[in-house]
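Structure first, then comments.
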Amino acid sequence: VQLQASGGGLVQTGGSLRLSCAASGRTFSNYAMGWFRQAPGKERELVAAITGRGHSQYYTDSVKGRFTISRDNVKNTMYLQMNTLKPEDTAVYYCAAGSQMHSLLGYTAHEDNVDAWGQGTQVTVSS
């Protein structure tokens, strides 16, 4: 599967952005999907993930109540709606596909079982 992320940009504190990740090449609904982010000098972290049919979602604590992950298996696209953005949300955001949720939830820099990564999209939140 190939992934193409878009939607990043510059926004003020408290603002909103919606990221999109378009997939091609394989059956999209077979993959759990996730959004990771990496800030300068920090490790890449999982922000949110969603199962193949969209029935279950995961959020890291720092974004709960502010971010919403969703997917459209007809359009082969995943989204991340980000509201009430904070300066600490500033990072490069990457979309990712995994054969199962565990592939995404268990990601570390030393154990990468992610099937595919999209290119990053920069999100900058100004204070």
Side-chain angles (χ1 to χ4, degrees):
V1 62
Q2 292 80 45
L3 305 176
Q4 180 77 30
S6 61
L10 173 64
V11 65
Q12 292 185 333
T13 296
S16 298
L17 282 173
R18 188 174 82 154
L19 305 183
S20 299
C21 178
S24 61
R26 292 289 182 96
T27 303
F28 182 59
S29 60
N30 285 349
Y31 291 92
M33 297 293 296
W35 288 99
F36 289 75
R37 66 186 179 188
Q38 188 165 19
K42 295 187 176 181
E43 293 189 351
R44 190 173 296 189
E45 65 167 346
L46 178 64
V47 175
I50 188 167
T51 52
R53 296 188 182 277
H55 295 320
S56 296
Q57 299 86 36
Y58 161 86
Y59 297 96
T60 194
D61 286 346
S62 62
V63 308
K64 286 180 180 177
R66 301 189 297 122
F67 290 12
T68 302
I69 190 170
S70 62
R71 65 190 297 162
D72 185 331
N73 286 348
V74 174
K75 296 182 178 179
N76 289 350
T77 304
M78 173 184 63
Y79 305 97
L80 186 68
Q81 178 67 43
M82 304 186 294
N83 297 330
T84 319
L85 282 161
K86 305 175 181 180
E88 51 264 44
D89 295 317
T90 295
V92 178
Y93 283 70
Y94 299 89
C95 59
S99 57
Q100 52 187 325
M101 281 287 272
H102 180 73
S103 303
L104 305 174
L105 296 173
Y107 167 84
T108 68
H110 304 289
E111 186 172 354
D112 181 357
N113 292 313
V114 172
D115 285 45
W117 292 97
Q119 91 291 359
T121 185
Q122 177 71 45
V123 172
T124 303
V125 184
S126 62
S127 57

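Everything numeric here is computed off the predicted structure, so don't read it as measured data.
The CG atom of L10 sits 9.5 Å away from the CD atom of Q122 when rounded to the nearest 0.5 Å. The distance from atom CZ of F67 to atom CG of L85, rounded to the nearest 0.5 Å, is 5.0 Å. For the atom pair CE (M78) and CG (D72), the distance works out to 12.5 Å, reported to the nearest 0.5 Å. Put simply, CD on E43 and NE2 on H110 are 6.5 Å apart, with the number rounded to the nearest 0.5 Å. Between the CG atom of L46 and the OG1 atom of T108 there is a distance of 12.0 Å, given to the nearest 0.5 Å. Rounded to the nearest 0.5 Å, atoms OG (S127) and CD (Q12) are 9.5 Å apart.
The two residues L17 and G8 come nearest to each other via the heavy atoms CD1-C, 4.5 Å. For A32 against Q100, the heavy-atom pair with the smallest separation is CB-C, 3.8 Å. In terms of heavy-atom proximity, N113 sits nearest to S103 at O-CB, 3.6 Å. In terms of heavy-atom proximity, D89 sits nearest to T84 at OD2-O, 4.4 Å. Minimum heavy-atom separation, L19 to Y93: CD1-CB, 3.6 Å. Scanning all heavy atoms of the two residues, the minimum distance from R71 to F28 falls at NH2-O, 2.9 Å.
Neither Y79 nor V1 shares a network with the other; the hydrophobic side chains, linked directly or stepwise wherever heavy atoms of I, L, V, M, F, W or Y lie under 4.5 Å apart, form separate groups for each. Cluster annotation: Y31 is connected to W35 through the hydrophobic network of ILVMFWY side chains, with a link wherever side-chain heavy atoms come within less than 4.5 Å. Each of V47 and L104 belongs to its own hydrophobic cluster when Ile, Leu, Val, Met, Phe, Trp and Tyr are linked at side-chain heavy-atom distances under 4.5 angstrom.
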With a 3.5 Å cut-off and sequence neighbours excluded, list the donor-acceptor pairs that the side chains of residues 49-60 form with protein atoms.
residue: T51; atom: OG1; partner: H55; partner atom: N; Å: 3.2
residue: T51; atom: OG1; partner: S56; partner atom: N; Å: 3.1
residue: T51; atom: OG1; partner: S56; partner atom: O; Å: 3.4
residue: Q57; atom: NE2; partner: G54; partner atom: O; Å: 2.8
residue: Y59; atom: OH; partner: I69; partner atom: N; Å: 2.9

Under the side-chain hydrogen bond (donor to acceptor under 3.5 Å, both in side chains) rule, what do S6 and Q4 come out as? Steps first, then yes or no, please.
-> CA-CA 7 Å; S6 61; Q4 180 77 30; over 6 Å; no
Derivation and outcome, salt bridge (Lys or Arg N to Asp or Glu O under 4.0 Å), residues D61 and K64 = CA-CA 5 Å; D61 286 346; K64 286 180 180 177; 3.0 Å; yes
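Under the 3.5 Å distance criterion, the side-chain polar atoms of T13 are matched with a main-chain donor or acceptor of S126. Panel note: side chain Q38, backbone A91; no donor-acceptor pair is recorded below 3.5 Å.
Between M33 and C21, some side-chain heavy-atom pair lies under the 4.5 Å cut-off. Using a 4.5 Å heavy-atom cutoff, the side chains of R37 and V63 are in contact. Under the 4.5 Å side-chain criterion, counting only non-hydrogen atoms from C-beta, V123 is in contact with M82.
The ring-ring contact (aromatic ring centres under 6.0 Å, His included) check on Y107 picks up F36, W117, with sequence neighbours excluded.
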